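Predicted, not measured: the structure shown is a model, and the values here were computed from it. Indexing begins at 1, ligand by ligand and atom by atom, following the structure's order.
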Amino acid sequence: SEFTLAPTEKFFEENNYFGLQPSNIVMFEQRMIPAVTFDGKVILQGKGKIAMAPDGNGGLYQALLDNKVLQDMKKRGVEYLHVYCVDNILVKMADPMFIGFCVSKGADCGAKVVEKAYPAEPVGVVCRVRGVSQVVEYSEIKPEMTELRGPGEEFVYSAGNICNHFFTRTFLQDVTEKFMGQLKQHVAIKKVPFVDTWGNQVKPTKPNGIKMEKFVFDVFRFSRNFVAFEVVREDEFSPLKNADGATKDSPITARNSLLAQHCRWATSAGATLLDEHDNPLPPSARSDENTVQPAGSEGLEQLLKGRTLTTPFILDKKRAKELHAQ
Ligand SMILES: CC(=O)N[C@H]1[C@@H](OP(=O)(O)O)O[C@H](CO)[C@@H](O)[C@@H]1O
């Protein structure tokens with residue numbers, strides 16, 4: 001959006017595009033739409049300036065069209081897309097397992113899901129409504145539906161949406177050409193700063209306005225072959241939604257999720273980890289033993305098997321070279 005494009009560009013430049021070719025990176029902006037009061041009037045954010053807000057993560061499709069991104073992808077021979085839209089430190093971009101699964105199933109649209117942890121967990125559920133695959137958002141599902149359980153006491157609606165999606169380019173082409181007008185508008189009730197009639201800037205303490213948002217997953221219902229792919233939460237989902245100090249989904253919890261994952265990878269590659277007092281670290285909550293080497297941890301075994309490592313242990317290029325040489 002207009003808030004994030006310039007800082008994102010700057011961050012990529014400063015970090016040398018993370019080793020990618022700048023010509024292979026395309027950045028573009030979603031639209032902004034006015035925020036309105038509960039009776040539908042525009043809100044003045046400042047003198048002569050209407051309060052605007054990004055049009056939701058489902059604004060992606062209009063933005064792809066506005067910026068001719070799908071045409072560009074066609075030229076470059078891009079046929080499959082992996083999209084994610086919540087901050088998630090464990091996200092596996094272009095995950096070969098997920099993409100391979102969707103392609104092998106002939107899917108035009110797919111979603112990664114994790115098992116819902118508890119009924120009121122604020123995640124949408126991937127399900128079928130009258131035979132149509134879709135996400136029912138947590139703000140729009142009846143609480144009693146979230147409580148429903150099957151014969152084995154498992155949740156009936158257990159497939160938690162983690163905003164991690166697969167699309168074929170041709171499906172998105174169809175969406176932009178035929179279905180965009182059918183995307184629903186969802187109402188988000190928010191605190192919108194405004195100027196009062198005396199020209200004073202006011203920061204409301206309770207919600208005073210409505211932002212209309214489109215949801216990225218609202219295109220699922222137009223797919224011809226939709227698939228869901230369940231993944232293990234500890235390996236793939238640790239969202240960042242709150243500031244430090246919150247008990248969940250904060251920078252600290254995100255950092256700990258990544259550390260725990262790397263400890264599991266090192267242990268399953270055959271390393272023994274010690275804390276700063278040389279005591280062995282307790283075994284991680286989940287063992288990856290006997291599973292395939294998790295994507296992202298390939299090659300670790302050669303470096304770490306049989307080694308005893310004191311944490312914090314940083315495996316950078318220099319360290320990897322040293323380990324190779326030993
Ligand atoms: C509109 C939208 O994208 N909603 C998503 C999104 O919720 P937020 O609370 O808006 O961040 O992230 C959730 C996963 O953290 C997902 O379950 C939900 O469906």
Side-chain angles (χ1 to χ4, degrees), residues 1 3-4 30-33 35 53-64 81-93 95 98 109-129 132-143 145-146 155-167 172 175 180 182-192 207 209-223 226 228-243 246-251 253-254 257-258:
S1 70
F3 307 121
T4 52
Q30 70 189 110
R31 285 188 180 181
M32 304 282 284
I33 51 172
D55 56 353
N57 54 20
L60 169 68
Y61 308 108
Q62 184 66 52
L64 287 173
L81 284 82
H82 189 197
V83 171
Y84 84 98
C85 30
V86 287
D87 297 322
N88 173 13
I89 199 164
L90 299 182
V91 72
K92 293 181 181 168
M93 269 328 284
D95 175 14
F98 179 47
C109 182
K112 271 193 187 183
V113 299
V114 297
E115 190 179 2
K116 255 187 85 168
Y118 54 97
E121 186 183 14
V123 294
V125 288
V126 177
C127 59
R128 284 204 194 107
V129 179
V132 182
S133 300
Q134 55 197 268
V135 172
V136 176
E137 186 61 329
Y138 59 91
S139 51
E140 298 177 351
I141 192 168
K142 288 196 194 118
M145 300 291 271
T146 64
F155 292 127
V156 170
Y157 299 108
S158 65
N161 175 42
I162 59 169
C163 274
N164 188 317
H165 310 314
F166 165 90
F167 301 113
L172 291 190
V175 166
M180 215 135 66
Q182 295 177 46
L183 285 182
K184 275 203 279 182
Q185 296 278 1
H186 301 263
V187 170
I189 297 183
K190 302 261 165 130
K191 294 179 216 157
V192 186
I210 291 173
K211 291 181 179 172
M212 302 302 287
E213 292 184 348
K214 289 185 176 152
F215 291 171
V216 67
F217 43 74
D218 275 350
V219 300
F220 290 2
R221 67 192 70 205
F222 308 121
S223 112
F226 174 82
F229 185 79
E230 186 176 328
V231 295
V232 175
R233 186 185 285 252
E234 304 96 89
D235 284 339
E236 305 221 15
F237 188 54
S238 178
L240 175 61
K241 310 241 182 203
N242 306 309
T247 49
K248 61 189 276 253
D249 304 345
S250 72
T253 60
S257 301
L258 190 70

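- Considering only non-hydrogen atoms, atom 16 (C) of ligand 1 lies nearest to Asn161 out of Asn161, Asn57, Val114.
- Test Val156, Thr146, Ile141 against Val125 for side-chain contact (heavy atoms from CB on, under 4.5 Å) and you get one pass: Ile141.
- Under a 4.0 Å criterion applied to the non-hydrogen atoms of Cys163, ligand 1 contributes the atoms 3 (O), 5 (C).
- Close contacts between ligand 1 and Phe237 involve ligand atoms 14 (C), 15 (O) [criterion: under 4.0 Å to a heavy atom].
- Here Glu121 contributes atom CD and Phe155 contributes atom CZ; the two are 9.0 Å apart, rounded to the nearest 0.5 Å.
- Only the side chain of Lys241 comes within 4.0 Å of ligand 1, counting heavy atoms alone; its backbone N, CA, C and O stay farther away.
- Remark: ligand 1 atoms within the under-4.0 Å shell around heavy atoms of Glu137 are 1 (C), 2 (C), 4 (N), 5 (C), 7 (O), 18 (C), 19 (O).
- Residues meeting the salt bridge (Lys or Arg N to Asp or Glu O under 4.0 Å) test with Arg31, sequence neighbours left out: Asp66.
- If you look at Glu213 next to ligand 1, there are no close heavy atoms at all, none under 4.0 Å.
- Without hydrogens or angle criteria, Asn161 side chain to Glu137 main chain gives no donor-acceptor distance under 3.5 Å.
- For ligand 1, the atoms lying closer than 4.0 Å to a non-hydrogen atom of Tyr138 are 7 (O), 8 (P), 9 (O), 10 (O).
- The distance from ligand 1 to the heavy atoms of Val86 drops below 4.0 Å at these ligand atoms: 6 (C), 12 (O).
- Between Phe166 and Phe98, the ring planes lie perpendicular to each other; the angle is over 60°, past the 30° to 60° tilted range.
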| task | With salt bridge (charged side-chain N to carboxylate O under 4.0 Å, His left out) as the test, would you mind laying out the steps for Glu236 and Lys92 before giving the verdict? | result | CA-CA 7 Å; Glu236 305 221 15; Lys92 293 181 181 168; 3.4 Å; yes
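- Residues Lys211 and Ile33 are not in side-chain contact: their nearest non-hydrogen atoms beyond the backbone lie 4.5 Å or more apart.
- The distance from ligand 1 to the heavy atoms of Val123 drops below 4.0 Å at these ligand atoms: 17 (O).
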